[in-house]
Number of protein chains: 2
Amino acid sequence: MKAKPQIVKAGPRSQAIDPLLQGAITPAGTPSPEAVQKAGAACVRRLPAYLQLLRVLQGEGHEHVSGTVLASTHNLEPVIVRKDLAVTGISGTPRLGFRVTELIAAIEAFLGWNNQTKAVLVGVGNLGTALLGYRGFENLGLRIAGAFDSDPKLIGTWVQGRHVQSMPKLPPFARRLGITLGVLTVPVAAAQEAADLMVRAGILGIWNFTPVKLQIPDGVVVQKEDLAEGLAVLSHRLRHSRS
Amino acid sequence: MKAKPQIVKAGPRSQAIDPLLQGAITPAGTPSPEAVQKAGAACVRRLPAYLQLLRVLQGEGHEHVSGTVLASTHNLEPVIVRKDLAVTGISGTPRLGFRVTELIAAIEAFLGWNNQTKAVLVGVGNLGTALLGYRGFENLGLRIAGAFDSDPKLIGTWVQGRHVQSMPKLPPFARRLGITLGVLTVPVAAAQEAADLMVRAGILGIWNFTPVKLQIPDGVVVQKEDLAEGLAVLSHRLRHSRS
DNA sequence: TATATATCGATATATAGTTCTCGATAGATG
DNA sequence: CATCTATCGAGAACTATATATCGATATATA
């Protein structure tokens, strides 16, 4: 799905990484070096759903779960589930399925959710506040360790139990704690500037909740999260599903 | 991910689109009933991004925009943009591109965002509050007309300028206003029950922000919006993009 | 007015993703 | 102990999506 940006005009160094070299690379990884490379985005997106259900089952004391069950709970085909789980390197046993605890550990390891990653959040508005207060992140290996905003009226206050700091404090804060992940929830007009600051702070991954296409250097990963996308799909299905 | 074998090639129905959008430019047969059927999810998800940029360009006074420009702004290939825009029935002119206002109208019409759809929101927690306060929805043809919660401490209060009502008031409210869209932002434990209530209220589309797989009768569309998905993709890319 | 070219739209190829098919297995069943 | 069967895992077949290629065209430029 993703591909190399081959268009690139006047770029000094266009080629960054050659995907063909992957064989030589050793991710020093926990899960499964090769499977990791093969995992497509579609598969990765489904893993959290499995994880969520697995945790419920674990809480209920189940030792095993079959791909069939995982599938039917999420309206998927069992084959898809088995294929998805294959990327974690775990294999199940016929008639029993997969070991729940083993699967949980494997998925968490695959996504890097086994040990918590710290993040900073920039933009303590409506959405930022909501994310700060969201309890579910601890299950996703995420811990928002610092909140930042440029509004003088917000700076110094406490939001969802977090101290809101001024923007200039972001780089030293991130560097001191070794934080490499940033959540961007500022208004459109401030998005690029805030992203630049994040980059300067050593952030390597930006979870971008603004509809802005950020200009960022190679090596920094941006994940866009746009509510409009989901709403568009819903609207479209509503209009055209019934016929 | 696709529907069922409900292919329906030449259904005489599935029109009823035109009357609304004839006010806009709309040359002959705008959204093109057949193209609509062919629009894949991937395409639909990109339309809002185009729309956003188009509105900016419109504000800057541009009359035309080329697929090339739309593409480069979003790091896409121009071919993809042209293909996506084809589903709206609009065609551009060589060397100039597409007419901005025409495209905006066509995309809005295609998604049903031309006239505002009213929705109810159930679950005035962190996320629900944030969504109630989100200004961007008016650009997406959405208007949250009522907010509901089961918490007695919330009922009767005003959140983001909206009156929070008790759950039993949902069905009469929705039916009175003819609301067919519901936003579900309750805690996991309350999700299914709230969804049942929505269905009983005549809701046809549920925008589900909980990680729960809802049991819903046929005819009701559920769009799941799971933050964990995006975070999973980001985590995965962070771990494996650099090597 | 003639030419150059950016852009469109259509068709073809490549890649990613899903579904189908089937033999193999290990626990359940009698 | 022999048989049954739900499930796994691997590969083939199919579908969706993305990328490449190319002729057609209308505007800008000479």
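Throughout, a chain's letter reflects where its sequence line sits, starting with A, and its residues are numbered from 1. Since we're looking at a predicted model, the values are computed, not measured.
At least one donor-acceptor pair closer than 3.5 Å links the side chain of A/Gln192 to the backbone N or O of A/Gln215.
Listed nucleotides C/dG17, C/dG9, D/dT17 differ in distance to B/Phe98; the shortest reach to its side chain belongs to C/dG9.
Atoms CZ (A/Arg99) and C1' (C/dA26) sit 16 Å apart, rounded to a whole Å. A straight line from CG of B/Leu47 to P of D/dT17 spans 13 Å, rounded to a whole angstrom. When the C1' atom of D/dA18 is taken as reference, atom CG of B/Leu76 falls 11 Å away, rounded to whole Å. Atom CZ of B/Arg45 and atom P of D/dT17 are 11 Å apart (whole Å). If you take CG of B/Leu85 and C1' of C/dT7, they are 13 Å apart, rounded to a whole angstrom. Whole-Å rounding puts the B/Asp84 CG to D/dA18 P distance at 7 Å.
Here OG of B/Ser235 is found 7.5 Å from CG of A/Leu142. Values are rounded to the nearest 0.5 Å. Rounding to the nearest 0.5 Å gives a distance of 7.5 Å between OG of B/Ser91 and CD of B/Glu102.
Along DNA chain C, the nucleotide nearest B/Gly92 and the nucleotide nearest A/Ile80 are compared for position; the residue whose nucleotide lies closer to the 5' end is B/Gly92.
With a cut-off of 3.5 Å on both Watson-Crick or G-U wobble distances, the partner of D/dA30 is given as C/dT1.
Within the nucleic acid shown, A/Arg46 comes within 4.0 Å of sugar-phosphate atoms alone, with no base atom in reach, counting heavy atoms only.
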| task | Could you please spell out the steps behind the side-chain contact (heavy atoms from CB on, under 4.5 Å) verdict for B/Leu204 and B/Val221? | result | CA-CA 6 Å; B/Leu204 296 177; B/Val221 175; over 6 Å; no
Please enumerate all protein N or O atoms sitting under 3.5 Å from an N or O of nucleotides 27-30 of chain C, with distances to 0.1 Å.
from	atom 1	to	atom 2	distance (Å)
C/dG27	N2	A/Arg95	NH1	3.4

Distances under 3.5 Å between protein N/O atoms and the N/O atoms of nucleotides 20-23 of chain C, please, pair by pair.
none

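Applying the side-chain hydrogen bond (donor to acceptor under 3.5 Å, both in side chains) rule to pairs touching residues 45-62 of chain A yields A/Arg45-B/Glu229, A/Arg46-A/Asp84, A/Tyr50-A/Asp84, A/Arg55-A/Glu108, sequence neighbours excluded.
Using a 30° and 60° split on the angle between ring planes, A/Phe137 and A/Tyr134 fall in the perpendicular class, above 60°.
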